[in-house]
Amino acid sequence: MIARFDELLGRPVSMRALALLRVLAGPAVLLHLEPYLSDASHGETYQDSFYEPYAEAYPELPESLYIGLLWLGAAAAVAMSLGLLARMATTTTFAIVAYNLFLSTTHFHNNAAYLLIVLGLLAVAPCGRELSLDSWLRRRRGQAPLEPTAPGWPLWLLRFECAAVYGASGLSKLVDPDWFGGTVTWQRVVRAREDLEAWPLPDWAVSLLTDRGFHTGAAKFIVLTELLIALGLWWRGTRYAAVWVAVVFHLSIEASASVQVFSYLGIAVLLIWAVPSTRDRVLRLDLANDRHRRLRAAVGALDWLARFRVEPAAPGAPLQLVDRDGTVIAGAPAVAFTLSRLPLTAWFALPTLLLPAVRRARRAGSARIPVAAPAAGPVADR
Amino acid sequence: MSAQYRTSVTPRVRVVGRRVAVVAVVAVQLGLIGRGYWSDHKQFAFQMFPESSTWRAEVVRVTADGRRVPVEQPWSGYRWDELVQDRGLRYPSVRHHADAGLDNQLAFLDSALEWVADNTPRDSETRYLEATVTSWHNDDAPSMEVMRSSEREVAG
């Protein structure tokens, strides 16, 4: 049992998703630090008004040094996103965000805590070997690229933390009769009725949203959604549905509440649920065909998780996708499937996989066939 | 790469260290989620939008001669809304939503009274600050409580 656990933690997996998350985490850090930097630009810091240290012994810097540290944190976040001295930049960003967060109980917010967890796990993962200036500079110097795989434990831990955020939130609402019974959401909406009426909503919708009975059901739906996301992410059969619902969930929260970087970060972290292997799907395209070339361009530009290998097909051959299990899909269903695996188009394309034609095509192609050797090598390997 | 990596690069201490680190993080995270159910401050417990509770407070300075002066009135060059700017405490007399729950909100108010009492050295007349808090836990009936800062040393 322990041996299997150790094997899981040490299993080399692709760090691609964490590399992409590293790129996306930089803007989240800048948004997080923005209010502190804005105050600092007016000569104000946390020390000028009520704050509450966690411990007397926690070191506090002179104001000028503190402000300098915040700016260093912002610079490190930019370097982290760019992947310039990626490991050091990520560690520096994490250290400064952590220092600032633990300066005062008043600095604590759930979104900042989540950001800190993400930064901590990015700092311990070697996720600067791809999608980084570091790797670009290595290539320019003619050095061999660094191994893009590493022991998977930071990825597994981040998955645990991601699921824990939804699970903890859902559980706390499930065990609170006021929440599960709808009182909390109902009161929040009723108190915000003026804001609601300012929206372009028909009267019946406003009446429905402020109806007590509606919230009796809606609250249960919200709680169960959070819990289903937390659980659904762990199984392959439900993972895509959980990710799709989680995106809707975050966008709904963003539209209805002020949650700082939580929505952006929450959606970005969903990337880590991609299977941590790369270039294990083959897209065979006739490069003389305009439509195929357009798809190749789209995949080249948007395949941030490096899911696909593009190989040239014989002239006149149909577009063909070979999934990692050997399933072969052709034509429009292959396009739908491809778009469902690109981060930017996935949310729109995933529902199309439920269309009968696409399901039939996937079923028909699931007879496993060996992946043929590429005729002329990959043409879009990045 | 993987077999070589596991056998020659990964020493026993690294395997054990990795195992301990992962178990520790998971245990600490679960512990913090559990702690959120009884602690006023719910760090890393991820209890989002926990309540619809609201509160307001009449905060006064009680002076050495017994006067009760609302903090909305500036004193000795201080203003409450400049001294206490965060966590929804800037205008305590206005009824507010308790964003992170009532217990959390009132714990912050209690700390803020203490902080203001300790960080207003030009004020030589205030003995202590007092907040008379009215709170509404979700749709429960309102409840009242009084909070006080520690006694300050006043001149004279």
Side-chain angles (χ1 to χ4, degrees), chain A residues 2 5-7 9-12 39 44 46 48-52 54 101 104-110 113-114 116-117 120-121 124 147 149-151 153-154 156-157 160-161 164-173 175-176 178-179 183-191 226 253 257 259 262, chain B residues 1-3 5-6 9-10 14-16 18-19 21-23 25-26 29-30 32-34 36-37 40-54 80-87 89-90 95 97 99-101 104 107-108 110-116 119 136-140:
Chain A
I2 291 178
F5 184 58
D6 287 338
E7 192 279 327
L9 301 185
R11 184 185 302 163
D39 284 350
E44 287 183 15
Y46 72 96
D48 296 320
S49 59
F50 162 58
Y51 73 104
E52 183 184 33
Y54 284 93
L101 189 66
S104 170
T105 58
T106 56
H107 287 186
F108 187 87
H109 295 277
N110 284 316
Y114 197 19
L116 187 68
I117 289 169
L121 289 168
V124 296
E147 174 60 49
T149 62
W153 67 272
W156 312 143
L157 259 186
F160 164 76
E161 290 289 351
V165 168
Y166 299 106
S169 180
L171 184 66
S172 68
K173 295 177 175 78
V175 299
D176 179 348
D178 282 348
W179 228 109
T183 302
V184 171
T185 54
W186 173 63
Q187 285 204 313
R188 293 290 293 143
V189 172
V190 166
R191 289 205 191 102
E226 284 190 298
I253 291 174
V259 288
F262 185 68
Chain B
M1 174 267 166
S2 58
Y5 187 93
R6 278 199 296 273
V9 181
T10 308
R14 181 174 289 192
V15 172
V16 174
R18 188 185 288 155
R19 186 197 307 157
V22 169
V23 171
V25 169
V26 170
Q29 178 60 78
L30 293 177
L32 288 167
I33 289 171
Y37 287 92
D40 293 341
H41 294 288
K42 303 172 193 312
Q43 289 93 354
F44 298 94
F46 297 110
Q47 296 189 6
M48 322 274 192
F49 312 107
E51 295 171 18
S52 57
S53 306
T54 54
W80 175 271
D81 60 1
E82 290 175 355
L83 293 169
V84 183
Q85 300 185 15
D86 211 353
R87 309 304 306 205
L89 295 167
R90 198 167 196 170
R95 187 171 170 179
H97 175 225
D99 289 338
N104 176 268
F108 273 127
D110 199 20
S111 299
L113 295 177
E114 208 61 52
W115 190 88
V116 171
N119 289 276
W136 293 260
H137 178 261
N138 296 334
D139 64 348
D140 296 347

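In what follows, chains carry the letters A, B, and so on, assigned in the order in which the sequence lines appear, proteins first and then strands, with residues in each chain numbered from 1.
With a 4.5 angstrom heavy-atom cutoff, A:Leu171 touches chain B via backbone and side-chain atoms both. In this structure, chain A has a heavy atom under 4.5 Å from the side chain of B:Arg95, while its backbone stays farther away. Contact annotation for B:Val26: both backbone and side-chain heavy atoms come within less than 4.5 Å of a heavy atom of chain A. Interface residue B:Ala45: only backbone heavy atoms are found under 4.5 Å from chain A. Heavy atoms closer than 4.5 Å to chain A are found in both the backbone and the side chain of B:Gln43. If you measure heavy-atom distances from B:Gln47 to chain A, the contacts under 4.5 Å come from both the backbone and the side chain. Contact annotation for A:Val259: only side-chain heavy atoms (C-beta onward) come within less than 4.5 Å of a heavy atom of chain B. Using a 4.5 Å cut-off between heavy atoms, A:Leu157 contacts chain B through its side chain alone, with no backbone atom that close.
Ranked by heavy-atom pairs under 4.5 Å with chain B, the list A:Ile2, A:Thr106, A:Asp178, A:Thr185 is led by A:Thr106. Contact count versus chain A (heavy atoms, under 4.5 Å) is highest, among B:Val84, B:Thr54, B:Asp139, for B:Asp139. With chain A as partner, the option from B:Val116, B:Leu83, B:Leu89, B:Ile33 having the largest number of non-hydrogen pairs under 4.5 angstrom is B:Leu83. Options B:Glu51, B:Glu82, B:His97 differ in how many heavy-atom pairs under 4.5 Å they form with chain A, and the most are formed by B:His97.
Of the inter-residue distances, the one linking A:Glu52 atom CD with B:Asp86 atom CG reads 11.5 Å to the nearest 0.5 angstrom. Once rounded to the nearest 0.5 Å, the distance linking CG of A:Asn110 with CG of B:Asp99 reads 11.0 Å. Of the inter-residue distances, the one linking A:Tyr114 atom OH with B:Phe46 atom CZ reads 8.0 Å to the nearest 0.5 angstrom. Put simply, CZ on A:Phe50 and CZ on B:Arg87 are 9.0 Å apart, with the number rounded to the nearest 0.5 Å. In this structure, OH on A:Tyr54 lies 7.5 Å from NE2 on B:His41, to the nearest 0.5 angstrom. Going from atom CG of A:Asp48 over to atom CD of B:Gln85 covers 8.0 Å, rounded to the nearest 0.5 Å.
For the pairing with A:Asp6, the salt bridge (Lys or Arg N to Asp or Glu O under 4.0 Å) check across B:Arg19, B:Arg18, B:Arg14 returns one residue only, B:Arg19.
In this structure, the ring pair (Phe, Tyr, Trp, His ring centres under 6.0 Å) partners of B:Phe44, at least two apart in sequence or on a different chain, are A:Phe108. Remark: A:Gln187 engages B:Ser52 in a side-chain hydrogen bond (donor to acceptor under 3.5 Å, both in side chains) (not counting sequence neighbours).
Proximity of A:Thr105 to B:Phe108: side-chain heavy atoms (C-beta onward) are separated by under 4.5 Å at one or more points. Counting heavy atoms from C-beta on, the side chains of A:Phe160 and B:Leu30 come closer than 4.5 Å. By the 4.5 Å heavy-atom criterion applied to side chains, B:Val25 and A:Glu161 are counted as neighbours. B:Tyr37 is listed as a side-chain neighbour of A:Ser172, based on a closest heavy-atom distance under 4.5 Å.
Remark: side-chain polar atoms of A:Lys173 are paired, donor with acceptor, to backbone N or O of B:Met48 under 3.5 angstrom. When atom types are taken as modelled, the side chain of A:Tyr51 and the backbone of B:Trp115 share no donor-acceptor pair closer than 3.5 angstrom.
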